[in-house]
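Order of the sequence lines sets the chain letters (A, B, ...), proteins ahead of strands, with each chain counted from 1. Since this is a predicted model, take the numbers as computed values, not measurements.
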Amino acid sequence: MTAKVITRFAPSPTGFLHIGGARTALFNWLYAKAKGGRMLLRIEDTDRARSTEGAIDAILDGLSWLELNWDEDPIFQYSRADRHREIAETLVADGKAYKCYCTPEELQAMREKARAEDRASSYDGTWRNRDPADAPAGIDPVIRFKAPDAGETVIEDRVQGQVRVQNKDLDDLILLRSNGTPTYMLSVVVDDHDMEITHIIRGDDHLTNAARQSQIYKALGWDIPVFAHLPLIHGPDGAKLSKRHGALGVEAYRAMGYLPVALRNYLVRLGWSHGDEEIFSTEQLIELFDLDAIGRSPARFDFAKLENLNGHYIRSTSDDDLLTRLRELLPELDNSRELQEAAGDEVWEKVRLAMPSLKERAKTLVELIDKAEFLFVKRPLTPDAKAAKLLDADALSRLGGLLPVLEKIEVWSLENVEAAVRAYAEANEFKLGKVAQPLRAALTGRTASPGIFDVLFVLGQDEALGRIKDQVSKT
RNA sequence: GCCCCCAUCGUCUAGUGGCCUAGGACGCCGGCCUCUCACGCCGGAAACAGGGGUUCGACUCCCCUUGGGGGUACCA
């Protein structure tokens with residue numbers, strides 16, 4: 001019989017959902033989907049001092065935005081503290097754990113001694129075999145795991161392969177704090193077991209923990225889940241991800257105008273590959289994803305590639321979908337106030353009309369709005385420096401000559417507008433660019449824009465003529 | 001310090017002993033297209049960290065060095 005796959009994403013709510021966490025969630029989600037299993041969500045909030053409500057919301061919102069849905073209700077680890085405590089006490093009763101009364105000062109001294117002696121483990125086992133009757137009064141003990149002191153612990157990792165750790169290098173970790181709350185090392189094992197997790201897919205930073213946890217599983221007589229430790233994501237400079245580059249919350253990526261589908265495609269390729277392929281639909285990902293194709297070396301975060309992918313997905317997203325996302329994003333933009341004031345229904349209708357040519361030119365939604373700005377601004381436009389330079393006397397006289405031609409157009413269609421402008425240029429022996437560039441400057445206030453005929457058409461006859469006159473009459 | 005993991009173009013990666021004159025993608029450079037900017041298309045520069053083995057033959061296997069990362073908490 002093959003057990004159904006159950007994975008879990010287990011963030012600690014001490015900050016936002018950063019990019020590494022997002023990728024871990026994605027891999028867990030994909031693996032569950034690929035195997036027809038489920039992905040559970042567990043909030044690891046046993047550190048009461050550092051866990052916050054805001055962080056929980058940020059993580060849930062981040063996952064939802066990325067469209068990584070979890071199965072069942074999230075489990076809050078702290079709510080299971082009684083269960084964890086019970087297991088710790090069982091371990092003590094079975095002689096597999098013990099109470100330790102050492103003070104922080106004694107512990108500190110042990111650490112320094114261990115370092116001086118080039119040893120990896122520091123706890124010296126003072127209370128491991130000492131008679132509990134010697135317990136000093138007035139000190140609340142912690143409960144420590146009685147880890148095997150000889151031999152080795154072998155982890156069979158689906159990504160990293162076989163990893164061997166000498167047991168002498170692992171000391172007796174704390175299971176229950178002196179205040180009676182469980183530590184991560186205990187909670188994680190008990191919860192993964194109780195939740196019937198079959199595959200633990202998480203960051204490489206937990207690799208050594210896997211050995212410690214394996215020992216606890218064995219002491220409890222429980223089956224050890226399959227481990228898969230993902231290489232970490234580094235910043236562009238190869239160093240640890242910091243706030244300056246990449247270690248932003250996923251909501252920051254949303255605000256920068258990235259599409260969830262693009263971010264997912266980018267993240268999955270950080271570590272996972274399928275031959276030479278780069279672009280994957282979610283359906284393909286679910287079909288192809290497997291643990292065996294995950295590489296073992298860490299990756300650097302590269303915004304340029306994310307942008308490229310995002311541009312690809314913007315181009316292949318429907319105009320209506322893009323329009324919806326743009327309207328949702330608007331309030332988060334720096335210049336949101338001005339844009340929002342101008343953003344009436346008729347403006348959005350123009351944006352929709354221009355969308356096919358606009359989306360060819362944008363790598364992010366923020367850029368998309370910026371390229372559409374000429375549709376939001378009100379007459380008279382103030383051309384930017386480069387555009388103003390284009391509108392010299394000669395150019396303005398060419399525009400002046402074009403005015404009556406455009407006025408004469410009865411049906412303002414893309415075809416008619418284009419034919420009229422081309423005919424005007426030809427009749428006066430101007431290269432098209434001689435007319436198009438000044439026109440672009442007058443119509444958009446910039447030197448770069450969608451095709452000039454698209455611009456003319458989308459603006460509409462009255463607005464287009466008005467904008468040209470505004471510039472021509474300045475002289 | 002000690003323990004563990006990692007190492008192919010600038011970046012993400014393909015490669016699982018001969019198919020490699022090392023492939024793709026992003027980025028970069030040049031060209032085409034062209035009303036601008038993009039898109040698209042064509043072309044180019046660009047890598048097996050170093051040293052030892054093993055083998056008829058190593059990018060691929062082993063060891064060492066170097067470099068990077070992680071862990072070493074009454075954090076997770």
Write down the partner of [N] under the Watson-Crick or G-U wobble criteria, each distance required to be under 3.5 Å.
N      : value
B/rU36 : none
B/rA7  : B/rU66
B/rG27 : none
B/rA45 : none
B/rC61 : B/rG53
B/rU21 : none

Point to revise | RNA chain B: 5'-proximal contact among A/Arg212 and A/Pro104 (nearest heavy atom) | key: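 That would be A/Arg212.
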Review point. Where each residue is assigned the nucleotide of RNA chain B containing its nearest heavy atom, which of A/Asp118 and A/Gly451 is assigned the position nearer the 5′ end?
Key: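 Its nearest nucleotide being more 5', the pick is A/Asp118.
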Starting at atom [atom1] of [X], determine the distance to atom [atom2] of [N], rounded to an integer number of angstrom.
X        : N      : atom1 : atom2 : answer
A/Asp191 : B/rA76 : CG    : P     : 12 Å
A/Asp454 : B/rU34 : CG    : P     : 17 Å
A/Met110 : B/rU72 : CE    : P     : 18 Å
A/Met185 : B/rU72 : CE    : P     : 7 Å
A/Leu399 : B/rC35 : CG    : P     : 17 Å
A/Phe303 : B/rC26 : CZ    : P     : 19 Å
A/Ile279 : B/rA25 : CD1   : C1'   : 9 Å
A/Ile174 : B/rA76 : CD1   : C1'   : 14 Å

Exercise for review: Kindly point out which of B/rU36, B/rC35, B/rA73 is positioned nearest to the side chain of A/Arg111?
Suggested key: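 Nearest to the side-chain atoms of A/Arg111, counting from C-beta on, is B/rA73.
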Practice item. Could you check which of B/rG71, B/rC35, B/rG70 has an atom nearest any side-chain atom of A/Leu232? Key: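 The closest nucleotide is B/rG70.
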For [range], give me one character per nucleotide, 5' to 3': B if any protein heavy atom sits under 4.0 Å from the base, S if the only such contacts are to the sugar-phosphate, - if neither.
range                        : result
nucleotides 39-51 of chain B : SS-----------
nucleotides 59-66 of chain B : --------
nucleotides 3-17 of chain B  : SSSSS---SBSS---

Assign [X] to base, sugar-phosphate, or nothing according to its heavy-atom contacts below 4.0 angstrom with the strands shown.
X        : result
A/Pro450 : base
A/His206 : base
A/Thr46  : sugar-phosphate
A/Cys102 : base

Pairs where [range] contributes a residue and the test salt bridge (Lys or Arg N to Asp or Glu O under 4.0 Å) is met, not counting sequence neighbours:
range                       : result
residues 259-279 of chain A : A/Glu67-A/Arg264, A/Arg269-A/Glu278, A/Glu278-A/Lys305
residues 46-56 of chain A   : A/Asp45-A/Arg48, A/Asp47-A/Arg50
residues 224-236 of chain A : none

Taking atom [atom1] in both [N] and [M], compute the distance separating them and give it to the nearest angstrom.
N      : M      : atom1 : value
B/rC26 : B/rA38 : P     : 16 Å
B/rC63 : B/rC4  : P     : 13 Å
B/rA76 : B/rG40 : C1'   : 48 Å
B/rC20 : B/rC56 : P     : 24 Å
B/rG71 : B/rU65 : C1'   : 23 Å
B/rU66 : B/rG50 : C1'   : 7 Å
B/rA47 : B/rC28 : C1'   : 16 Å
B/rC5  : B/rC64 : P     : 12 Å

Review point. Is the A/Tyr266 to A/Phe303 ring centre distance short of 6.0 Å?
Key: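 No, ring centres 6.0 Å or more apart.
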Check your understanding: Any salt bridge between A/Arg42 and A/Asp192, counting N to O under 4.0 Å?
Key ->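 Salt bridge between A/Arg42 and A/Asp192, a charged N being under 4.0 Å from a carboxylate O: yes.
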Under the rule for side chain to side chain contact (heavy atoms under 4.5 Å, CB included), what residues qualify as partners of [X], not counting sequence neighbours?
X        : answer
A/Ala25  : A/Phe9, A/Leu63, A/Leu68
A/Asp82  : A/Arg85
A/Leu232 : A/Asp204, A/Asp205, A/His234
A/Lys389 : none

Check your understanding: Hey, what's the ring geometry for A/Phe289 with A/Phe27, parallel, tilted or perpendicular (30° and 60° as the breaks)?
Key ->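 Perpendicular, since the angle between the ring planes exceeds 60°.
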Review point. Within the modelled atom types, does a donor on one side and an acceptor on the other bring the side chain of A/Asn209 and the base of B/rA76 under 3.5 Å apart?
Key: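 Between B/rA76 and A/Asn209, which were checked side chain against base, a qualifying N/O pair under 3.5 Å is present.
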Check your understanding: Going by the side-chain hydrogen bond (donor to acceptor under 3.5 Å, both in side chains) test, which pairs reach into residues 291-301 of chain A, not counting sequence neighbours?
Key ->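 Only A/Arg158-A/Asp292 qualify under side-chain hydrogen bond (donor to acceptor under 3.5 Å, both in side chains).
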Name every donor-acceptor pair, under 3.5 Å, that has one atom in a side chain of residues 364-377 of chain A and the other anywhere in the protein, sequence neighbours excluded.
residue  : atom : partner  : partner atom : Å
A/Thr364 : OG1  : A/Val366 : N            : 3.4
A/Thr364 : OG1  : A/Glu367 : N            : 3.0
A/Glu367 : OE1  : A/Lys363 : N            : 3.3
A/Asp370 : OD1  : A/Arg446 : NH2          : 3.2
A/Asp370 : OD2  : A/Arg446 : NH1          : 3.1
A/Glu373 : OE1  : A/Arg446 : NH2          : 2.5

Review point. Side-chain donor-acceptor pair under 3.5 Å between A/Gln77 and A/Arg80, yes or no?
Key: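 No pair is found: no donor N or O on one side chain lies under 3.5 Å from an acceptor on the other.
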**Study point:** side chain to side chain donor-acceptor pair (under 3.5 Å) evaluation trace for A/Arg111 with A/Gln108
**Key:** CA-CA 5 Å; A/Arg111 264 194 291 275; A/Gln108 183 58 33; 3.2 Å; yes
